Amino acid sequence: MDTTTQMLRITGPAIAELPVAAADGGQDSISPITVIGNDAVRETFCGQTLRQAINSRLAPGVSRVVLNPDAHVGYGAPVGCVMVSPSHVYPGPVGVDIKCSMSLLQTDLPADAINELTVRRKLIKAIGKRVPSGAGRGQRNAPKSRRVDGALGFQVVTEGATKSVLKKLGIPKGWADACEDAFHTAPDGSSDTLAARLQWMGRQRDKLDRIESKYRQLGSLGGGNHFGEAEVVQLVQDPALRKIGESFGLRDGHVAFLTHCGSRGFGHDMAMGQFRAMKSDFEKRGLAFPAGDPQLCYAEADSDAGQKYLCDMAMGANFATVNHLLINALVLEAFREVFPSVRGELVYFISHNIVRRETIDGMRQWVHRKGATRAFPAGHPDLARTAFADTGHPILLPGNPRDGSSIMVANPGASASAFSVNHGAGRRMSRTKAKKNLRQEAVDQGLLDHDIISNCRVYPRDEAPDAYKDFGEVLASVTQAGLASEVARLKAKFVIKDGAPADD
DNA sequence: ATGTAC
């Protein structure tokens, strides 16, 4: 254990405080950072992760920081943290993959329908024809994808999942109700609409071609830790939680499809454009970066720079939303190619890289979730008039294919963590370390031992289950801290990743 | 995470 971890003050089961002193040595009332994690998880926090959390807590306008069990070093702020401010927005703690999210499609196929490896290979192939994976890949890499031209792409990123967009893309209109946010607009008081902002961008030199080329990635998974995964749903035994799971539309012992992806090249362009603009704005005004780190640049939310950031983030978020919904529609179409009468419904779509306006500590504040998932319990005012008002919304947490993924629901205790939980297991080894330390045969055999196949000839070693933290300990921390309860476990049957494709 | 960048 390093010295920084020893500074943690344990205040409850799997919950601790990291005291923060003002940089000038003063003892002003800076509320401590909330740290979620049991003994095993606390061991995983390295000094730099805690240092980033402290830098974030001391940054201007920040009222609160939460560190989740999956935390590791990130861009300015740690991945796996929540940063709250009544006044300021921070692009770094949203990240380069704006609105990176999870979605879950529940089918009515019983688990044994996909027992046969030949059936699973057929499904992998049918999905691959419609939904490409891998860096740079888009619609032209998938013969049965939906083609999106410039005009429809413009509508997608300026409107999000509106009725008109869903209809044009053949996405069931009811799926918009299963979204944490179906669309994003310019912030209140913004001088620009999203359409005006995007038109302005398109008039910059050579920018229109670049923007339009990114629309052609709608309906694609991307690379890195992004994936699509066929699952068997296992509801928990507890009758009350089981009932909540059933009300979410989950079907015990049936096949579901879990998707992890974000806003692809489009969101990346929006994020990088903003980092550049905000950094040069700082330098022009002679402002100092928080803790000297340009990755923690910021703007007041109602300033011109802040509004421009929120507009560009909204467009990236709209791309991610429609990208997920389109992938789910195409995956369902692929299942129908193999099982013509199969039915499927979107359970939920929820982000873990976004800033949202929410009530925290009695105030409307900007809640930055960087690798953190919103966790509103039953009765939360922002769930009123949704299907989840009386239960809380589904929380979709990817673990790893070997140990499964988890669906949780928030408890009232989630207020302790700014109504947030983790977003997955969290990386334990860097990509380079994982590639060096993990043996390819062991990784591939480990998945086969659990009856899991993939579209890859060899599974990417830097994405192997052992490259990530112990998912059981991460989930135990969330439960012990009283933030959320598990409703169902998802057991992987096949995985679609960016990797060398398997031969037929 | 992205994709080869005023």
Side-chain angles (χ1 to χ4, degrees), chain A residues 52 70-81 90-103 131-141 157 201-228 259-281 283-284 294-295 312-313 315-321 323-324 327 351-355 368-373 398 423-427 429-432 434-435 460-463 467-468 496-500:
Chain A
Q52 286 190 333
D70 54 344
H72 58 96
V73 173
Y75 191 93
V79 175
C81 89
Y90 283 80
V94 170
V96 288
D97 190 7
I98 292 168
K99 207 180 182 185
C100 185
S101 311
M102 302 302 304
S103 55
V131 182
S133 61
R137 300 203 146 224
Q139 290 151 14
R140 68 190 164 81
N141 304 101
V157 299
M201 279 184 198
R203 284 194 297 270
Q204 308 307 298
R205 191 162 54 91
D206 300 331
K207 280 284 157 60
L208 188 61
D209 280 355
R210 190 177 169 91
I211 291 168
E212 296 200 331
S213 75
K214 304 300 178 189
Y215 298 153
R216 288 169 212 133
Q217 293 184 324
L218 273 165
S220 67
L221 283 169
N225 59 8
H226 291 168
F227 66 85
T259 301
H260 177 210
C261 66
S263 48
R264 305 289 279 106
F266 182 83
H268 184 262
D269 278 4
M270 295 291 132
M272 293 315 276
Q274 279 297 325
F275 285 133
R276 267 196 296 273
M278 225 176 257
K279 248 165 55 181
S280 73
D281 186 53
E283 281 151 7
K284 241 183 272 167
Q295 299 183 349
D312 293 4
M313 187 199 74
M315 290 191 282
N318 283 333
F319 188 105
T321 303
N323 190 33
H324 262 267
I327 288 170
S351 179
H352 47 236
N353 279 1
I354 195 147
V355 59
H368 303 71
R369 293 195 177 87
K370 172 59 194 166
T373 315
H423 81 309
R427 194 162 271 289
M429 288 178 206
S430 70
R431 292 191 182 278
T432 28
K435 278 186 249 187
R461 294 201 297 294
D462 50 350
E463 285 295 314
Y468 287 87
I496 293 170
K497 294 278 295 180
D498 172 19

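This is a predicted model, so every value here is computed, not measured. Just so it is clear: chains get the letters A, B, ... in the order the sequence lines come, proteins before strands, and each one is counted from 1.
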Contacts of A:Ser103 that satisfy side chain to side chain contact (heavy atoms under 4.5 Å, CB included) - sequence neighbours left out: A:Thr259, A:His324, A:Asn328, A:Leu346, A:Phe349
Partner set under side chain to side chain contact (heavy atoms under 4.5 Å, CB included) for A:Ser430, not counting sequence neighbours: A:Thr432, A:Lys433
Side chain to side chain donor-acceptor pair (under 3.5 Å) against [X], all qualifying residues, sequence neighbours excluded:
X	result
A:Asp312	A:Arg197, A:Gln274
A:Tyr215	none
A:Asp462	A:Arg431
A:Lys370	none

Nucleic acid contacts of residues 216-223 of chain A, taken as heavy-atom distances under 4.0 Å to DNA chain B: A:Gln217, A:Gly222, A:Gly223
Residues within residues 262-272 of chain A bordering DNA chain B, heavy-atom distance below 4.0 Å: A:Arg264, A:Gly265, A:His268
Sugar-phosphate only, base, or nothing, as touched by A:Lys207 at under 4.0 Å among non-hydrogen atoms: nothing
Sugar-phosphate, base or nothing in reach of A:Arg276, heavy atoms under 4.0 Å: nothing
Set of residues satisfying ring pair (Phe, Tyr, Trp, His ring centres under 6.0 Å) with respect to A:His260, sequence neighbours excluded: A:His226, A:Phe227, A:His352
Less than 3.5 Å apart, which donor and acceptor atoms pair up between the side chains of residues 201-209 of chain A and the rest of the protein, not counting sequence neighbours?
{"from": "A:Gln204", "atom 1": "NE2", "to": "A:Trp200", "atom 2": "O", "distance (Å)": "3.0"}

Selection residues 211-228 of chain A - residue pairs positive for salt bridge (charged side-chain N to carboxylate O under 4.0 Å, His left out), sequence neighbours left out: none
Residue pair A:Ser263, A:Met270: steps toward the side chain to side chain contact (heavy atoms under 4.5 Å, CB included) verdict: CA-CA 10 Å; A:Ser263 48; A:Met270 295 291 132; over 6 Å; no
Terminal contacting nucleotides, 5' and 3', DNA chain B versus chain A (heavy atom, 4.0 Å): B:dA1 to B:dG3
